[in-house]
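Bear in mind the structure is a predicted one, so any value in this text is a computation, not a measurement.
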Amino acid sequence: QVQLVESGGGSVQPGGSLRLSCVVYGYTHSLEVMGWFRQTPGKEREGVAAIVTGGGSVYYADAVKGRFTISRDNAKNTLYLQMDSLEPEDTAMYYCAADWRPRSGYSLFQSPRYVYWGQGTQVTVSS
């Protein structure tokens with residue numbers, strides 16, 4: 001069983017930075033892909049960043065490219081999302097996700113690609 005626990009959310013002014021963390025408990029060696037998603041009320045959950053654990057390849061949604069950085073510390077079993085130059089449009093609940101399958105019929109930015117999810121951490125960008 002794999003459990004994901006996010007932290008690091010909060011309130012920040014536009015242009016500010018936050019770093020989200022996601023600690024992974026359980027069979028971490030079996031995870032193939034990990035990602036960060038966000039969701040606002042009334043909207044579908046959208047993928048913002050993903051990492052393939054084997055090769056370390058990273059991927060970003062166009063909306064966050066150049067501002068967000070996904071990384072993983074294997075020694076700490078922790079996934080990070082460094083968010084810089086935050087904008088009000090980045091306000092959302094952010095979720096960490098992971099999956100053991102090497103491939104599926106879904107892209108890395110689609111929710112069904114992932115079987116394990118954290119509880120979410122709120123990010124609010126406002127002046």
Side-chain angles (χ1 to χ4, degrees):
Q1 186 68 18
V2 174
Q3 291 183 320
L4 309 177
V5 180
E6 304 103 329
S7 63
S11 295
V12 64
Q13 292 186 340
S17 298
L18 284 173
R19 188 177 78 159
L20 305 183
S21 299
C22 172
V23 179
V24 184
Y25 300 95
Y27 295 104
T28 59
H29 66 277
S30 67
L31 297 177
E32 183 72 19
V33 294
M34 299 188 72
W36 287 98
F37 283 70
R38 66 187 182 186
Q39 188 173 25
T40 55
K43 293 188 177 182
E44 290 188 3
R45 194 170 294 188
E46 64 169 346
V48 297
I51 184 168
V52 177
T53 59
S57 297
V58 297
Y59 304 89
Y60 299 97
D62 289 342
V64 307
K65 201 172 293 183
R67 300 188 299 119
F68 290 11
T69 303
I70 187 171
S71 62
R72 187 184 185 207
D73 186 330
N74 291 331
K76 296 182 179 180
N77 289 333
T78 302
L79 181 73
Y80 300 102
L81 184 67
Q82 177 67 41
M83 305 186 296
D84 298 317
S85 301
L86 282 162
E87 304 168 352
E89 292 74 22
D90 296 317
T91 296
M93 183 72 77
Y94 282 73
Y95 297 90
C96 173
D99 200 288
W100 57 269
R101 295 168 295 179
R103 64 185 61 83
S104 78
Y106 298 96
S107 81
L108 294 176
F109 294 112
Q110 293 180 302
S111 297
R113 179 64 180 88
Y114 301 87
V115 64
Y116 303 114
W117 291 87
Q119 81 288 351
T121 185
Q122 178 67 37
V123 171
T124 302
V125 185
S126 174
S127 55

Enter the distance from Met34:CE to Thr78:OG1 here, rounded to the nearest 0.5 Å. 8.5 Å

Answer whether the closest heavy-atom distance between the side chains of Arg101 and Arg113 falls below 4.5 Å. yes

Let me check something: do Phe68 and Leu18 share a hydrophobic cluster, defined by ILVMFWY side-chain heavy atoms less than 4.5 Å apart, either directly or through other members? yes

With the 4.5 Å side-chain cut-off for hydrophobic clustering, are Val33 and Val24 part of the same group? no

Same apolar cluster (I L V M F W Y, side chains within < 4.5 Å links), Leu86/Tyr60: yes

Locate the shortest heavy-atom distance separating Ser127 from Pro14; write the atom from each residue and the value. N-CD, 3.7 Å

Any chance you could measure Leu108, atom CG, to Glu32, atom CD, to the nearest 0.5 Å? 10.0 Å

Inter-residue atom distance Thr40.OG1 - Glu46.CD, 0.5 Å rounding: 7.5 Å

Taking every non-hydrogen atom, the tightest pair across Arg38 and Ala63: NH2-CB, 4.0 Å

Hey, could you give me the CG/CZ distance between Asn77 and Arg72, rounded to the nearest 0.5 Å? 7.0 Å

side-chain contact (heavy atoms from CB on, under 4.5 Å) evaluation trace for Gln122 with Thr91: CA-CA 8 Å; Gln122 178 67 37; Thr91 296; 4.1 Å; yes

Heavy atoms from other residues, nucleotides or ligands near CD of Gln3 exceed 12 (cutoff 6.0 Å): no

In short, disulfide bond (SG atoms under 2.5 Å apart) pairs touching residues 90-127 with sequence neighbours left out are Cys22-Cys96

Looking only at heavy atoms, the pair that brings Ile70 and Gly35 closest together is CD1-CA, 4.4 Å

Find out whether Met83 and Asp90 are in side-chain contact, i.e. whether some heavy atom of one side chain is under 4.5 Å from a heavy atom of the other. no

Okay, side chain of Ser85, backbone of Gly15: is any donor-acceptor separation there less than 3.5 Å? no

Mind listing the closest non-hydrogen atom pair of Leu20 and Tyr94 along with its distance? CD1-CB, 3.5 Å

Examine Val12 and Trp36 and state if one hydrophobic cluster contains both, with Ile, Leu, Val, Met, Phe, Trp and Tyr joined whenever side-chain heavy atoms are less than 4.5 Å apart. yes

Can you establish whether the number of heavy atoms outside Lys76 located under 6.0 Å from its atom NZ is more than 12? no

What's the separation between atom CG in Leu79 and atom OG in Ser71, rounded to the nearest 0.5 Å? 7.0 Å

Please tell me if the side chains of Val48 and Tyr95 come closer than 4.5 Å, counting only heavy atoms from C-beta onward. no

For Tyr114, the option from Tyr106, Trp100, Phe37, Phe109 that meets ring pair (Phe, Tyr, Trp, His ring centres under 6.0 Å): Phe37

If you measure from OG1 on Thr69 to CD1 on Ile51, what distance do you get to the nearest 0.5 Å? 11.0 Å

Closest non-hydrogen atoms of Ser111 and Trp117, given as atom of the first, atom of the second and distance, are O-CZ2, 3.5 Å

Val115 backbone acceptor or donor facing Asp99 side chain under 3.5 Å: yes

Taking every non-hydrogen atom, the tightest pair across Gly120 and Glu6: N-OE1, 2.9 Å

